[in-house]
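What follows is a set of notes on a single structure, which appears directly below.
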Amino acid sequence: MMTDIATLQTELMAAIDSADTLDALDAVRISALGKQGSVSALLKTMGAMSPDERQTQGPIINGLRESVTAGLAAKKAALETAELNRRLASEYVDMTLPAPETPRGTVHPVSQVMDELAEIFADMGFAVAEGREIEDDWHNFTALNIPETHPARAMHDTFYFPDEMAREGSKMLLRTHTSPVQIRTMTSQEPPIRIIAPGRVYRSDSDATHTPMFHQIEGLVIDKGIHLGHLKWTLETFLKAYFEREDVVLRLRPSYFPFTEPSVEVDVGYSMVNGKRVIGGSEGWMEVLGSGMVHRKVIEACGLDPDIWQGFAFGTGVDRLAMLKYGMDDLRAFFDGDNRWLQHYGFDALDVPTLSGGVGA
Ligand code: PHE
């Protein structure tokens, strides 16, 4: 028995020693300590031994189990260390290599211009307000003093939803301008109000300079003692900051909007440089926005007293402002999603517009 055990131990230790993979080592473990293993079989014989026999054999058999277990553990640790060293030697990262090129998206010019405008107006104390793209007739037209007979209500301009979808007697539609945000703001917060509202608007119209969906930005100021001078200063400050030129000249022309009185359309002057129109100077004029003093009826419709609260509003096309500043000539390309156009006209996502850095830089 003694020699058998000694021989078994020598054999097992040799097998452990020559196992050169974790799998091979595990096979040795199973052959010794597994259910059918040689060491397990010896341990089982102890049950049938007489107390005397057990006293002499027990320590020998247990000693065998302990040295085999310890031998397995030591070899396992050695194999794992060797494996780790092998991987460390082969799988290193060369930190001096240039990073691989990955496809990078760009910020769409419309988003960029909206960010630029938010930055410019935030500096003048304006907050950003939001409305709804699916509007009701009351907010889009009636509250803005647009009578039933106004041509803007005709089907060819406005995308209406079917009559069954009317809510509280008001037909639903895709908003045709951002002006309903004026109403939503005046009916939900107390004056003084200073907001801009950028967003999508919809009109049934399509050619090189018109798409059925486009973007506007609305401005609204409601306070005490507000007059046209405030409007003019605000627009001048905004357009100079936006075009990043001090020589931006404005021309205010009398106009008509149902929701402003008086109403003015605003042109910016341009100069011809190498056959191209460049904003600045006054060789020619381009219309850029509609504006005016908020009509008494609009202030009243929102539950405010027009003898206490006055203000001005303006609305302008974001896409058009983008075209004028960044030189695109076809509006339809804005919404085609052509990656080549986006790579050319888009902006780096990490270049956040700031006034100190030049908003469009
Ligand atoms: N809502 C007008 C439009 O879409 C623009 C506008 C806004 C005019 C605010 C005056 C005041 O043409």
Side-chain angles (χ1 to χ4, degrees), residues 110 114 117 121 126 128-133 135-147 150-154 156-159 173-187 193-205 209-223 226-236 238-239 250-268 286-299 301-302 306 309-321 324 331:
V110 170
M114 284 181 173
L117 296 174
F121 279 102
F126 286 67
V128 173
E130 280 186 348
R132 301 175 182 184
E133 286 177 38
E135 260 302 357
D136 57 61
D137 183 273
W138 189 79
H139 285 91
N140 196 81
F141 294 130
T142 313
L144 286 161
N145 190 36
I146 303 178
H150 197 281
R153 289 213 187 188
H156 69 268
D157 259 336
T158 309
F159 291 110
L173 46 85
L174 292 176
R175 69 177 177 192
T176 57
H177 51 177
T178 42
S179 299
V181 185
Q182 292 185 33
I183 307 300
R184 293 207 171 267
T185 307
M186 279 190 271
T187 52
I193 291 168
R194 263 188 274 183
I195 56 117
I196 54 163
R200 295 193 185 101
V201 300
Y202 303 83
R203 288 181 202 175
S204 174
D205 214 352
T209 52
H210 297 88
T211 49
M213 185 282 300
F214 59 105
H215 300 85
Q216 285 191 334
I217 191 158
E218 194 80 7
L220 175 70
V221 168
I222 298 288
D223 206 335
I226 298 294
H227 54 71
L228 210 61
H230 296 122
L231 170 63
K232 187 170 183 245
W233 179 86
T234 304
L235 295 179
E236 216 166 76
F238 138 52
L239 290 166
L250 300 196
R251 191 170 75 169
L252 272 57
R253 273 181 297 107
S255 183
Y256 171 77
F257 297 104
F259 34 92
T260 47
E261 181 58 34
S263 300
V264 285
E265 267 174 326
V266 179
D267 299 338
V268 287
M286 254 183 302
E287 186 198 319
V288 287
L289 56 86
S291 64
M293 302 307 295
V294 180
H295 200 293
R296 292 178 64 88
K297 285 192 179 167
V298 175
I299 293 177
C302 295
W309 301 106
Q310 304 82 39
F312 62 78
F314 57 88
T316 178
V318 175
D319 319 276
R320 202 169 136 67
L321 285 180
L324 288 175
L331 180 60

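First listed ligand is number 1; within each ligand, the first listed atom is number 1.
With hydrogens and angles disregarded, no donor-acceptor distance shorter than 3.5 Å links the side chain of Asn145 to the backbone of Val298.
In terms of the side chain to side chain contact (heavy atoms under 4.5 Å, CB included) criterion, Glu130 has no residue partners (sequence neighbours excluded).
Considering all non-hydrogen atoms of both residues, Thr234 and Phe312 come closest at OG1-CZ, 3.5 Å.
Counted within 6.0 Å of CZ on Arg200, heavy atoms from surrounding residues, nucleotides or ligands total 12 or fewer; the atom is thus considered open.
Close placement of the His177 and Phe259 rings is indicated, their centers lying within 6.0 Å of each other.
Electrostatic pairing of Glu135 and Arg184 counts as a salt bridge here, judged by a charged N lying under 4.0 Å from a carboxylate O.
Among protein residues, His177, Ser179, Gln182, Arg203, Gln216, Glu218, Phe257, Phe259, Thr260, Gly290, Ser291, Ala313, Phe314, Gly315 come within 4.0 Å of ligand 1, judged on heavy atoms.
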